[in-house]
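The structure under discussion appears below in the form of structure tokens.
Fair warning: this is a prediction, and the values are worked out from it, not measured in the lab.
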Amino acid sequence: MTDCLFCRMVAGEIPADVVHQTDRVFAFRDINPQAPTHVLVIPKDHHATAGALAEADPALLGEVVVAAHAVARQEGLVSGDGAEPGYRLVANTGPHAGQTVPHVHLHVLGGRHLTWPPG
Ligand code: 5GP
Ligand code: ZN
């Protein structure tokens, strides 16, 4: 039993709109989408931040990025071997960046032109 929201979604205790998964990675639609495509990609194992994951299991961070790219392709955000129309990956870390769930997640955002810099 854990009180981590995303661990509980991986465990099936809280419903998720799953769009992709592997043995170690889980991807589901954000409940409060900020773009036409807004998917969260997470490792099934609990790690707090992207940096902590990279230190603990760099191969798993790579699997999370591969899964994010697969989701982007599935959502029509990348062509066969190109990068059109494109998408954004975001990994908020800590309160200044607005991280609200302490289980590392890559936001996959796309489907419209995304402004830069962010707020
Ligand atoms: P953060 O602010 O930590 O970078 O991103 C957390 C994300 O999780 C937010 O975009 C928020 O909308 C999403 N989120 C929070 N609770 C839930 C939930 O219960 N289900 C889903 N699908 N997304 C959630
Ligand atoms: Zn967790």
Side-chain angles (χ1 to χ4, degrees):
M1 183 61 181
T2 171
D3 61 1
C4 173
L5 173 65
F6 288 174
C7 282
R8 295 187 68 190
M9 292 174 81
V10 169
E13 296 169 11
I14 293 174
D17 185 356
V18 180
V19 296
H20 178 78
Q21 65 177 312
T22 69
D23 57 334
R24 297 221 289 168
V25 178
F26 193 71
F28 55 98
R29 294 197 191 280
D30 196 292
I31 202 169
N32 182 24
Q34 302 301 311
T37 291
H38 189 171
V39 171
L40 302 175
V41 184
I42 68 173
K44 291 182 175 178
D45 288 348
H46 183 92
H47 299 270
T49 67
L53 172 59
E55 289 178 345
D57 192 341
L60 181 53
L61 177 61
E63 290 174 36
V64 171
V65 175
V66 168
H69 197 59
V71 167
R73 182 171 288 121
Q74 189 175 302
E75 295 283 311
L77 305 180
V78 289
S79 51
D81 57 356
E84 302 284 342
Y87 63 94
R88 181 172 294 163
L89 295 182
V90 174
N92 292 321
T93 299
H96 273 195
Q99 184 178 8
T100 58
V101 180
H103 180 134
V104 58
H105 45 283
L106 287 187
H107 296 258
V108 180
L109 295 154
R112 65 171 170 81
H113 191 83
L114 300 162
T115 56
W116 189 263

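Under the 4.5 Å side-chain criterion, counting only non-hydrogen atoms from C-beta, His46 is not in contact with Val10. Contact annotation: the side chain of Met9 never approaches that of Leu40 to less than 4.5 Å [non-hydrogen atoms, C-beta and beyond]. Counting heavy atoms from C-beta outward, Thr37 and Leu109 have side chains that stay 4.5 Å or more apart.
Aromatic pair Phe28/Phe6: centroids less than 6.0 angstrom apart. Under the 6.0 Å cut-off for aromatic ring centres, His103 and His105 do not qualify, their centroids lying 6.0 Å or more apart.
Taking CG of Leu61 as the start and CD of Glu55 as the end, the distance is 11.0 Å to the nearest 0.5 Å.
Screening Val18, Leu106, Val19 for a side-chain contact (heavy atoms from CB on, under 4.5 Å) with Val39, the sole residue that qualifies is Val19. Put simply, the residue from Leu60, Ile42, Val65, Val71 that forms a side-chain contact (heavy atoms from CB on, under 4.5 Å) with Val25 is Leu60.
Looking at residues two or more places apart in sequence or on another chain, you find no side-chain hydrogen bond (donor to acceptor under 3.5 Å, both in side chains) involving Thr49.
Heavy-atom minimum distance, Val104 versus Ala50: CG2-N, 3.4 Å. Here the closest non-hydrogen pair linking Arg8 and Thr2 is CD-O, 3.2 Å. Taking all atoms of both residues into account, the shortest heavy-atom contact from His107 to Asn92 is NE2-ND2, 3.7 Å. Counting all heavy atoms, side chain and backbone alike, Pro33 lies closest to His38 at CA-ND1, 3.5 Å. Shown here for Pro85 and Gly76, the closest heavy-atom pair between the two residues is CD-O, 3.5 Å. Summarising the geometry of Pro43 relative to Leu53, their closest heavy-atom pair is CG-CD2, 4.1 Å, with the distance given to 0.1 Å.
Among pairs with a residue in residues 79-98, those fulfilling ring pair (Phe, Tyr, Trp, His ring centres under 6.0 Å) read His69-Tyr87, at least two apart in sequence or across chains.
Electrostatic pairing of Glu75 and Arg29 counts as a salt bridge here, judged by a charged N lying under 4.0 Å from a carboxylate O.
When hydrophobic clusters are built by joining Ile, Leu, Val, Met, Phe, Trp and Tyr residues whose side-chain heavy atoms come closer than 4.5 Å, directly or via intermediates, Leu77 is grouped together with Leu89.
The backbone N or O of Asp23 lies less than 3.5 Å from no partner atom in the side chain of Gln21, so there is not a single donor-acceptor pair.
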